[in-house]
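Inspection log for the structure reproduced underneath, given as structure tokens.
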Amino acid sequence: MTLPATRQSVAIELDSVVKRYGDHTVLDNVSLSVREGEVVAIIGPSGAGKSTLLRCINLLERPDSGRITVAGHAVDAGSEISNKELVAHRRVAGMVFQSFNLFPHLDVLRNISLAQERVLGRSRKDADKRSKELLDRVGLADKAAQYPSRCSGGQQQRIAIARALALEPKVMLFDEPTSALDPELGLEVLAVMRELADEGMTMVVVTHEMQFARDVSDHLVVMVDGAVLEEGPPEEIFSKPGHERTRRFLRAVLER
Amino acid sequence: MSLSDWAENYPALLSGLWVSIRVTALALGIGMPLGLLLALSANSPKKVLRYVTIGVVEIGRGTPALVVLQIVYFGLPTVDVTFSSFFSAAIALALTTAAYTSEILRGGLQAVPSGEVEAASALGMVNRDTLRFIVIPQGVRVAIPPLMGFAVLIFQASSLAYTIALPELMSQAYSTGSSTFRYMSILGLAGLMYAAITIPASWLTGRAERRMARHL
Ligand SMILES: Nc1ncnc2c1ncn2[C@@H]1O[C@H](COP(=O)(O)OP(=O)(O)O)[C@@H](O)[C@H]1O
Ligand SMILES: [Mg+2]
């Protein structure tokens, strides 16, 4: 299904985003547009600024200049932003981290219910009901009463996905969701992500899983040194990369 | 030294022990929550608050408990603030407790992985909720063994209150000893009574530490 670009509304828009740490420019004028329902994969060497880009999208980091729009909510760098706006912005952008970051002192159900209660104002009962549905969806209905430490890495990451989905985000951001996992456990996480993509979720995925990028993403972005080196249909970039730097990176990843 | 000295005088000492326990419990009950507040503001992103708090805590830790005690009991009345010896002791020990436990608790709070705090923010949770549901429960849990160890020290420090005529265990032993001249056996019994509390408490602390180590 390919509608003309103009007919699909834009879910995420980055406009000339710059982020510096001290005098180190980590994002150098990055612009990026993600349409509703699109799956964008971001690849690139370590230190390229991929994580920083995702963190800017949901405002875990504030950019130094540029504009970030998520689901119609625009934030200009340097503008004052109220707590309420910040929360509203983050709610629509769910985030999944490389290291899962579950809350180890809470059981799995509480991990998923807590933010529903505190952020969406759901009752405990409604939140738990929704959490169970989501656990079921990621294939972990039997883990509700367990603590995260009793779950495998792959299970923990699926729980983290359920936790993010519980806030009914408009877009999902994944930062190397399988990098901390054995390949086999990574597959079960990728399967959940694939399903999510099939259901039409807008996703931005930073990944080293080239197979996933090739099969699932609609659009591939290659980042190097804080900038977008090239972007386009994954098939095209994989078969004939436009830059020597991309070629070297792809070779290095495939040889791993 | 004889058992008959003990048999005759243990009721006075037991009543002293009970005062020691009560004054310690009150000091910990006030001091530890205060310590948590200090720990939170010492970790605050607001610079001024952070530095003021750290300064106050350093002064609190640098001042011997005995001096704090004397200030509260003898010093404050000169500015028309008077407490009984019991409350003076409780307040003074609470202040010392707050200063020391704030450092212990700050360490505990900082031990909570920043990734969890970030995950909570990414979920849209406000800072206050993140502290309340994620950081404080875990930070306090980590701090429990050293807090228990500190409680034992404060229980021992409550003996300083004999200098302000609080009839706690030490002062009961001292006055009984001086009226009977059986210093050795009476003070020995007092020592045993302190130990009867502190040794099991230290043992429990060790257990708590091992439990902690297992769960982290
Ligand atoms: N909080 C920070 N303070 C200073 N430098 C940082 C910080 N976070 C990231 N960086 C730097 O920014 C660059 C990009 O980091 P990152 O976005 O994590 O890259 P990637 O995810 O592509 O590996 C790196 O050089 C990193 O050292
Ligand atoms: Mg990264």
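We name chains A, B, ... by the order of the sequence lines, and we start the count at 1 in each one. Everything quoted here is computed from the prediction, not taken from an experiment.
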Comparing A:Asn58, A:Val119, A:Val87 against chain B, the one with the most heavy-atom pairs below 4.5 Å turns out to be A:Val119
Going through the checks in order, is the side chain to side chain contact (heavy atoms under 4.5 Å, CB included) test met by A:Leu114 and B:Met125?
-> CA-CA 9 Å; A:Leu114 181 61; B:Met125 282 170 62; 3.8 Å; yes
Select one option (side chain, backbone, both, neither) describing which atoms of A:Leu59 are under 4.5 Å from chain B's heavy atoms.
-> neither
Most contact-rich option vs chain B, by heavy-atom pairs under 4.5 angstrom, among A:Pro104, A:Ser149, A:Ser99, A:Pro169, is A:Pro104
Max heavy-atom pairs within cutoff under 4.5 Å with chain B, candidates A:Arg118, A:Arg163, A:Met95, goes to A:Arg118
Indicate the atoms forming the closest heavy-atom contact of B:Ala119 with A:Phe97, along with that distance.
-> CA-CE1, 3.7 Å
Counting heavy atoms not belonging to B:Tyr162, are there more than 12 under 6.0 Å from its OH?
-> no
To the nearest 0.5 angstrom, please state how far the CG atom of A:Asn111 sits from the CG atom of B:Leu123.
-> 9.5 Å
So which part of A:Arg55 gets closer than 4.5 Å to some heavy atom of chain B, the side chain, the backbone, both or neither?
-> side chain
Under 3.5 Å: donor-acceptor pair, side chain of A:Asn101, backbone of B:Gly115 | yes
CZ of B:Phe74: more than 12 outside heavy atoms within 6.0 angstrom?
-> yes
Give, as side chain, backbone, both or neither, the part of A:Ala160 having an atom under 4.5 angstrom from any heavy atom of chain B.
-> neither
Take atom CZ in A:Arg150; do more than 12 heavy atoms of anything else shown fall under 6.0 Å from it?
-> no
Inspect the surroundings of CZ in B:Arg22 and state if more than 12 heavy atoms from other residues, nucleotides or ligands are less than 6.0 Å away.
-> yes
Quick one: pull up CG in A:Leu106 and CD in B:Gln138 and give me the separation to the nearest 0.5 Å.
-> 7.5 Å
Does any heavy atom of chain A fall under 4.5 Å from the side chain of B:Arg128, the backbone, both, or neither of them?
-> neither
Does B:Phe86 CZ have over 12 foreign heavy atoms under 6.0 Å away?
-> yes
Do other residues, nucleotides or ligands put more than 12 heavy atoms under 6.0 Å from the CZ atom of B:Arg207?
-> no
Quick check: does any side chain N or O of A:His105 sit under 3.5 Å from a backbone N or O of B:Phe133, one acting as donor and the other as acceptor?
-> yes
Should B:Val126 and A:Leu86 be marked as a side chain to side chain contact (heavy atoms under 4.5 Å, CB included) after you check the CA-CA gap, both sets of side-chain angles, and the distance that decides it?
-> CA-CA 9 Å; B:Val126 293; A:Leu86 195 62; over 6 Å; no
